[in-house]
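Note sheet for the following structure.
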Amino acid sequence: MDGNKDEALRCVRIAEDAIAAGNKPRAAKFIKIARRLNQDLQVNELLAACDELDSGSSASFSQEKGVGESRSELGKEKLGGGLNGERSYTEEHVQLIRQVKRNKDYYAILGVEKTCSVEEIRKAYRKLSLKVHPDKNKAPGSEEAFKIVSKAFKCLSDVNSRRQYDQTGLVEEFEYNQQHNVRRRPRRRTGNDLFDDDFDPDEIFRAFFGQSDMFRTSQVYRTRGAGAHHREEVHNGGPNIMLLIQLLPFLVILLLAYLPFTEPDYALHKNYNYQIPKTTERHGVEFFVKSPNFDESYPLGSSARAKIEDSVIKDYKNVLVHYCRVELQRRHWNKKMSTPHCDKLNALEVA
């Protein structure tokens, strides 16, 4: 309850600022919200001051009305004037945008009853979103109308947000509660945050209709956040990147399976493939080969044979170093333990 009182006082301050600025609709809206939050709050003086704005604002209202009418006439002249004089939108498009922006009820925006089902809401959104999408409806204000339609659908298609909206009954008050969290409950950021600065109506549209673009292969859509922040998303037609990432491990396995693989020419220990014993000319290190034609491929005294034997001696030395370290570690626990690999390593280095 204390949180409601604090928010009510905040609404009163906003209403006072609106009265000082001569903005009667804004002042009346926040006075109404303040009374809902705290019924004991005295706002009679504010209501009187708000009513007095009628006489002072009539002249300015008529002036604004004249300007609006002149702009409307100019808009009618330019209606549909696209490139090379081609018609880009119709009067029906303009009227539809005005109807969406004029409605202050989510149900009325989608054209459904309050008792409708989720499936009816989905059908209404499918039909209306295609009509007001900025890529299809080029009339002024189509982006704002598209965002309003998306908010209405996202609110009414979710059970929790629809219940909260039905309890409020007013779009303005519902949006105010969403933005400022009147009850001050700690809440996590979820996909149902309708009024974040980065709310993207086009993301809802893509999720509803699928990843394919409805009107063009390359789509650029901008959403505005606080402080005139612009975000641009470019969606190009083509294969799904996530699908390619999921298939990548299988492609790598197939690639490795068909790559040519060569086995080494020798082994330090005898096994099933390497049965034929050989000895290096230096140090007399024994190794094993698998081909009976090894001496023909690598004749004694040749540079190729010398390279093979140097590689054998190097591998043999690495093996001795590894086992010598193990023996030295074990010798810390038993001073009498022998170190045969260390002895072979010392003999190899001395030789």
Side-chain angles (χ1 to χ4, degrees), residues 23-26 29 57-58 60-114 116 120-157 165 170-172 174-175 194-195 197 199-209 213-225 228 230-233 235:
N23 190 341
K24 181 180 178 181
R26 180 177 175 83
K29 180 182 75 171
S57 61
S58 59
S60 60
F61 174 76
S62 61
Q63 183 178 1
E64 291 177 359
K65 181 178 180 182
V67 173
E69 290 177 353
S70 62
R71 289 180 179 175
S72 177
E73 293 298 329
L74 182 61
K76 289 180 180 179
E77 294 177 1
K78 295 184 177 180
L79 184 63
L83 296 175
N84 300 325
E86 295 180 358
R87 188 178 182 86
S88 57
Y89 59 88
T90 64
E91 181 66 26
E92 183 181 356
H93 290 155
V94 177
Q95 293 298 331
L96 179 61
I97 297 300
R98 290 177 180 174
Q99 180 181 350
V100 171
K101 296 170 66 176
R102 183 170 57 247
N103 285 326
K104 301 300 180 182
D105 177 62
Y106 283 156
Y107 292 100
I109 290 171
L110 295 180
V112 296
E113 299 292 336
K114 290 188 176 182
C116 66
E120 291 175 327
I121 293 173
R122 291 175 61 86
K123 289 181 180 179
Y125 171 75
R126 178 189 295 274
K127 182 179 179 180
L128 186 58
S129 63
L130 291 174
K131 291 183 179 180
V132 300
H133 196 285
D135 285 341
K136 187 174 183 180
N137 190 331
K138 303 296 182 180
S142 60
E143 289 192 7
E144 182 181 356
F146 181 56
K147 190 171 184 178
I148 293 174
V149 171
S150 300
K151 281 186 177 181
F153 169 70
K154 192 166 186 180
C155 173
L156 298 182
S157 61
Y165 175 75
L170 297 173
V171 171
E172 293 180 350
F174 175 73
E175 292 183 359
L194 302 178
F195 306 99
D197 292 336
F199 172 78
D200 186 1
D202 203 46
E203 183 177 353
I204 300 175
F205 185 83
R206 291 192 307 272
F208 187 87
F209 288 99
D213 295 317
M214 296 295 297
F215 307 111
R216 53 183 176 180
T217 57
S218 179
Q219 173 180 329
V220 180
Y221 191 81
R222 293 177 177 86
T223 56
R224 295 178 180 266
H230 295 269
R231 184 184 64 185
E232 182 173 311
E233 295 182 1
H235 307 283

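These numbers were taken from a predicted model, which means no experiment stands behind them.
For Gln95, the side-chain contact (heavy atoms from CB on, under 4.5 Å) criterion is met by Glu91, Arg98, not counting sequence neighbours. Under the side-chain hydrogen bond (donor to acceptor under 3.5 Å, both in side chains) criterion, Gln99 pairs with no residue, sequence neighbours left out. Qualifying side-chain contact (heavy atoms from CB on, under 4.5 Å) partners for Ala124, counting only residues two or more places apart in sequence or in other chains: Leu110, Val112.
Atoms OH and CD, from Tyr107 and Glu120 in turn, are 11.5 Å apart once rounded to the nearest 0.5 Å. A distance of 9.0 Å separates CG in Asp135 from CD in Glu143, rounded to the nearest 0.5 Å. Once rounded to the nearest 0.5 Å, the distance linking CG of Leu156 with CZ of Arg122 reads 13.0 Å.
Across all non-hydrogen atoms, the minimal contact from Ala152 to Ile109 is CB-CG2, 4.3 Å. Summarising the geometry of Val100 relative to Ala145, their closest heavy-atom pair is CG1-O, 3.8 Å, with the distance given to 0.1 Å. Nearest heavy atom pair, residue Ile97 against residue Ser142, reads CD1-CA, 3.6 Å.
None of Lys131, His133, Lys136 except one satisfies the side-chain contact (heavy atoms from CB on, under 4.5 Å) rule with Phe146; the exception is His133.
Side-chain atoms of Thr90 and His93, non-hydrogen and from C-beta on, do get closer than 4.5 Å to each other. For the pair Ile121 and Cys116, the minimum side-chain heavy-atom distance is below 4.5 Å.
The backbone N or O of Tyr106 lies less than 3.5 Å from a partner atom in the side chain of Tyr165, making a donor-acceptor pair.
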